[in-house]
Amino acid sequence: MRGGSSERLVVRSSRRRGDTRARLTRYITVLLAALLGGGGSALLFLVPLYADPALSALAADFDPIPAECVTERRDDRLGLDNCTWASCREGCTSDAYKCIQLHVKYKAQAEDWRPAVLYVNIKGCGYPPIVNCENFTLSYGYVGARYPCYWSRADTTVVVPRWSRSEQVATVTRTLAIPLFLSGCAGIGLCALHCECRPRRRRRPPRRPPRVPTLTLDDTAVYRLA
């Protein structure tokens, strides 16, 4: 009886351990799946809103030394055909029916004055509170306004009032590197839990036993004589 009871206790404890492992695996799977889905959703949301403008700003290659800008003309336009571009627009997905276009001239260091158009950023649009078109227009939207600006070395007809390369790099890092790192870790964790991620070793074929030579009648005769 004692032996049977001890065996039952061992079976029960092994079952409990198996149930605990299964529950822990289930909870970890749910957590990693949520992390993977959240990282993918974050990429879909952050890339068009933050990462794409930051990458475009880095590609524009703005001069880090500010130039002197003067607003020369302001055009208030109506209609989709007339608003092909805007100096500032709140929202980047819909077309603008009403827009303000600011034409400026800028002077970089000892060079001559150059004509350009002023954008709130490289895309000319954004979302509050980062982009506030009302304050932008009040600060730069009147003729004769003077202010420092940054001109693009990739397109010398584009200037922006604010520019920081380190800020754009930090934005790209936050919006791309962190979600990709978390999603990658979650994917590796799920693979380790439920898949055979290690390469399978090839089984070596069993060694064949050495063949025994078959003796002919002549060979047997020789052995007998010996």
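For the numbers below, each heavy atom of this structure counts, side chains included, while hydrogens, waters and symmetry mates do not.
- Across every non-hydrogen atom of Ala154 and Ala59, the tightest pair is CB-O, 4.0 Å.
- No continuous path of hydrophobic side-chain contacts links Phe181 to Leu31 [ILVMFWY only; heavy atoms under 4.5 Å].
- The OH atom of Tyr97 sits 9.0 Å away from atom CG of Asn82, with the distance rounded to the nearest 0.5 Å.
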**OP:** Please step through side chain to side chain contact (heavy atoms under 4.5 Å, CB included) for the pair Arg165 and Leu58, ending with a clear verdict.
**Re:** CA-CA 7 Å; Arg165 184 179 180 83; Leu58 292 174; 3.8 Å; yes
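- At a threshold of 4.5 Å between non-hydrogen side-chain atoms, the residues Cys99 and Arg89 do not count as touching.
- Here the CG atom belonging to Leu24 is positioned 9.0 Å from the OG1 atom belonging to Thr29, to the nearest 0.5 angstrom.
- Taking CG from Asp52 and OG1 from Thr175, the interatomic distance works out to 10.0 Å, rounded to the nearest 0.5 Å.
- Here the shortest heavy-atom pairing between Gly124 and Tyr119 reads CA-CD2, 3.7 Å.
- Under 4.0 Å is where a charged nitrogen must lie from a carboxylate oxygen, and between Asp75 and Arg73 at least one such pair does.
- Between Glu68 and the choices Lys105, Arg146, Lys107, the salt bridge (Lys or Arg N to Asp or Glu O under 4.0 Å) rule is met once, by Arg146.
- Tested against Gln168, the residues Phe62, Tyr50, Trp163 include a single side-chain contact (heavy atoms from CB on, under 4.5 Å) partner, Trp163.
- Between Leu182 and Leu35, the shortest heavy-atom contact is O-CD2, 4.0 Å.
- The two residues Ala51 and Leu176 have their closest heavy-atom pair at CB-CG, 4.0 Å.
- Between the side chains of Arg77 and Gln101, a donor-acceptor pair is found at a separation under 3.5 Å.
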Original post:
Would Glu167 and Arg162 satisfy side chain to side chain contact (heavy atoms under 4.5 Å, CB included), going step by step from the backbone distance to the final call?
Top reply: CA-CA 11 Å; Glu167 182 180 348; Arg162 292 181 63 256; 3.9 Å; yes
Subject >> Trace of the side chain to side chain contact (heavy atoms under 4.5 Å, CB included) decision for Leu55 with Val172 >> reply: CA-CA 7 Å; Leu55 291 173; Val172 173; 3.8 Å; yes
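- With rounding to the nearest 0.5 angstrom, the OH atom of Tyr127 is 15.0 Å from the CG atom of Asn132.
- Atom CZ of Arg153 sits in a crowded spot, with more than 12 heavy atoms from other residues, nucleotides or ligands closer than 6.0 Å.
- What you find for Leu32 and Ala186 is that their closest heavy atoms are O-CB, 3.4 Å.
- Under the 4.5 Å side-chain heavy-atom criterion for Ile, Leu, Val, Met, Phe, Trp and Tyr, Val160 and Leu138 are members of distinct hydrophobic clusters.
- The side-chain contact (heavy atoms from CB on, under 4.5 Å) test with Leu102 singles out one residue from Val117, Val120, Thr137, Leu118, and that residue is Leu118.
- Nearest heavy-atom pair, Phe136 versus Pro161, reported as atom, atom and distance to 0.1 Å: CE1-CG, 4.0 Å.
- Ring planes of Tyr140 and Tyr147: perpendicular class, angle over 60° (limits at 30 and 60°).
- Per the SG-SG cut-off, Cys133 and Cys88 are bridged by a disulfide [distance under 2.5 Å].
- Between Trp151 and Val158, every side-chain heavy-atom pair lies at or beyond the 4.5 Å cut-off.
- Using a 4.0 Å cut-off between charged nitrogen and carboxylate oxygen, Asp76 and Lys98 do not count as a salt-bridge pair.
- In this structure the side chain of Glu72 never reaches within 4.5 angstrom of the side chain of Val143, judged on heavy atoms.
- Atoms OG and CD1, from Ser152 and Ile122 in turn, are 5.5 Å apart once rounded to the nearest 0.5 Å.
- The line from SG of Cys185 to CG of Leu190 is 11.5 Å long, rounded to the nearest 0.5 Å.
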